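Structure record follows, encoded as structure tokens.
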There are 2 protein chains.
Amino acid sequence: MTVPLYRAKAEFFRTLGHPARIRILELLAEQELAVHELLDRIEIEPSNLSQQLAVLRRAGLITQRRSGSQVLYAISVQEVRDLLIAARRILFGLLEDREQLRRDLGSPAPSGLDGPGAPGLGS
Amino acid sequence: MTVPLYRAKAEFFRTLGHPARIRILELLAEQELAVHELLDRIEIEPSNLSQQLAVLRRAGLITQRRSGSQVLYAISVQEVRDLLIAARRILFGLLEDREQLRRDLGSPAPSGLDGPGAPGLGS
DNA sequence: TGCGGATATGAAGAAGTTGTCAAGTGCTAA
DNA sequence: TTAGCACTTGACAACTTCTTCATATCCGCA
């Protein structure tokens with residue numbers, strides 16, 4: 001069965017559409033990590049992490065390999081890093097627009113993102 | 001209230017995670033279009049289209065303007081186009097890997113995307 | 001062989017998303 | 001002022017996704 005490309009794209013983006021999965025990808029984009037190392041860096045239950053890893057694995061975005069008693073994960077598609085950076089750029093663009101609008105209108109609506117300027121990929 | 005960036009990113013990707021919304025963005029990436037023109041090109045109920053447009057509007061990805069009795073939509077963030085192209089590239093990369101694997105294993109599992117090589121953004 | 005640490009899997013209720021139908025609103029023109 | 005397109009909105013059942021809990025599995029070591 002052939003999936004139209006726009007459907008596959010949507011599915012792909014939905015795979016990225018979860019905070020924990022984003023963090024996992026960002027962390028793995030820097031280096032291979034064991035599950036317990038991810039666990040140290042992400043606030044999430046072990047079983048939940050395992051499930052999110054499974055989602056990314058099924059999508060083919062990360063790979064698993066065993067080393068003794070631990071399991072190491074790595075990004076399998078480096079371009080994902082570019083995608084995350086592009087998303088970051090767009091997001092800040094959107095935020096700026098909104099702030100601009102707010103200034104123009106003089107409206108007091110807050111609610112934004114963390115400011116830019118963080119190093120690395122910025123989580 | 002401040003939203004951590006990884007959360008905002010996830011939300012952003014979720015916004016893209018719908019076939020109709022992908023098509024809308026791809027079509028609008030080429031030119032401004034009225035709702036009924038989108039309707040001609042996407043197989044979807046008017047009310048459903050309206051809702052998907054509303055989702056994209058709320059996310060700040062598209063803008064609306066009225067012209068007589070019709071409503072014209074346009075992309076408000078051109079970089080989205082790059083993002084879609086990047087996604088397309090990654091998707092074909094994943095597909096190739098899977099095909100490679102299939103050949104290596106000699107397994108007969110089909111199910112893929114439309115082939116590459118389409119012009120434009122490729123829906 | 002049996003334990004404990006490191007992960008994975010399954011199941012189930014809560015929460016969120018989608019498509020559709022019915023009922024609006026806005027604008028143009030008769 | 002009313003008919004009729006062009007869209008939008010609200011509501012709700014059907015579905016999907018999330019989180020959590022309980023239960024496995026796999027491995028290295030005593």
Side-chain angles (χ1 to χ4, degrees), chain A residues 3-4 6-25 27-28 31-76, chain B residues 3-4 6-25 27-28 31-76:
Chain A
V3 177
Y6 61 86
R7 201 172 282 284
K9 270 186 205 164
E11 202 176 310
F12 170 69
F13 283 126
R14 240 182 305 125
T15 301
L16 300 182
H18 188 290
R21 295 198 291 265
I22 293 287
R23 297 202 68 185
I24 292 169
L25 289 174
L27 290 169
L28 295 184
Q31 60 179 315
E32 189 181 46
L33 288 172
V35 175
H36 71 268
E37 293 174 308
L38 287 168
L39 222 34
D40 290 344
R41 295 164 169 78
I42 307 179
E43 280 201 343
I44 190 178
E45 300 285 308
S47 70
N48 195 349
L49 176 57
S50 233
Q51 310 214 35
Q52 305 309 338
L53 287 170
V55 171
L56 294 172
R57 224 184 316 126
R58 266 177 248 129
L61 295 176
I62 61 178
T63 58
Q64 199 185 29
R65 85 184 165 87
R66 186 148 215 133
S67 169
S69 69
Q70 43 187 63
V71 177
L72 300 173
Y73 279 92
I75 282 255
S76 57
Chain B
V3 177
Y6 62 85
R7 201 171 281 284
K9 271 187 204 162
E11 202 176 309
F12 170 68
F13 283 126
R14 237 182 308 122
T15 302
L16 300 183
H18 187 290
R21 296 199 289 265
I22 292 288
R23 299 203 65 186
I24 292 169
L25 289 174
L27 290 168
L28 295 184
Q31 60 179 312
E32 189 180 45
L33 288 172
V35 174
H36 70 268
E37 294 174 308
L38 286 168
L39 223 33
D40 290 343
R41 295 164 169 78
I42 307 180
E43 281 201 343
I44 190 178
E45 299 286 306
S47 69
N48 193 351
L49 175 58
S50 234
Q51 309 211 39
Q52 305 309 337
L53 287 169
V55 171
L56 293 172
R57 224 186 314 125
R58 264 178 251 130
L61 295 176
I62 61 179
T63 57
Q64 198 185 30
R65 83 184 165 88
R66 187 149 215 132
S67 168
S69 68
Q70 41 186 65
V71 178
L72 300 173
Y73 279 92
I75 282 256
S76 57

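Lettering follows sequence order; numbering is per chain, from 1. Model, not experiment: these values are computed from the prediction.
- For A:L56 and D:dT17, the CG to C1' distance is 14 Å, given to the nearest whole Å.
- Not one side-chain nitrogen or oxygen of B:R66 sits closer than 4.0 Å to the OP1 or OP2 atom of C:dT28.
- Distance check, rounded to the nearest 0.5 Å: CG of A:L53 to CD of A:Q51 gives 10.0 Å.
- Contact annotation: A:Y73 side-chain N/O to C:dA8 OP1/OP2 distance is under 4.0 Å.
- Residue B:L53 has its side chain nearest to D:dT8 when only D:dC18, D:dT8, D:dC7 are considered.
- One distance of note links CD of B:Q52 with CD1 of B:I44; it measures 5.5 Å at 0.5 Å rounding.
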Please walk me through it: do A:V35 and A:L72 pass side chain to side chain contact (heavy atoms under 4.5 Å, CB included)? CA-CA 6 Å; A:V35 175; A:L72 300 173; over 6 Å; no
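- Atoms CD and OG, from B:E32 and B:S67 in turn, are 8.5 Å apart once rounded to the nearest 0.5 Å.
- Taking atom CD of A:E11 as the reference point, atom C1' of D:dT16 lies 13 Å away to the nearest angstrom.
- Atoms CD1 (A:I62) and P (C:dT7) sit 13 Å apart, rounded to a whole Å.
- For the pair B:I24 CD1 and C:dT18 C1', the computed distance is 14 Å after rounding to whole Å.
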Check step by step if side chain to side chain contact (heavy atoms under 4.5 Å, CB included) holds for B:T15 and B:F13. CA-CA 5 Å; B:T15 302; B:F13 283 126; over 6 Å; no
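- An OP1 or OP2 oxygen of D:dC7 is reached within less than 4.0 angstrom by no side-chain nitrogen or oxygen of B:R57.
- Distance CD (A:Q64) to C1' (C:dA6): 12 Å, rounded to an integer number of Å.
- Between its two ends, the helix from C:dT1-D:dA30 to C:dA30-D:dT1 turns its axis by 10°, counting five pairs per end and rounding to 10 degrees.
- Note that the CD1 atom of A:I24 and the CD1 atom of A:I42 stand 4.5 Å from one another [nearest 0.5 Å].
- Here the straight-line distance linking atom NZ of A:K9 with atom NE2 of B:H18 works out to 15.5 Å at 0.5 Å rounding.
- The line from CD of B:E37 to CZ of B:R41 is 5.5 Å long, rounded to the nearest 0.5 Å.
- Here the C1' atom of nucleotide C:dG16 and the NE2 atom of B:H18 are 13 Å apart, to the nearest Å.
- Within residues 35-52 of chain A, the residues having any heavy atom closer than 4.0 Å to DNA chain D are, in order of number, A:E45, A:S47, A:N48, A:Q51, A:Q52.
- The side chain of A:R14 contributes an N or O atom lying less than 4.0 Å from OP1 or OP2 of D:dT17.
- Contact annotation: the side chain of A:L28 approaches that of A:L38 to within less than 4.5 Å [non-hydrogen atoms, C-beta and beyond].
- Counting any heavy atom pair closer than 4.0 Å across all strands shown, B:A54 reaches no nucleic acid atom.
- At whole-Å resolution of the value, CD in B:Q70 and C1' in D:dA6 are 8 Å apart.
- Distance B:R58 CZ to C:dG16 P: 15 Å, rounded to the nearest Å.
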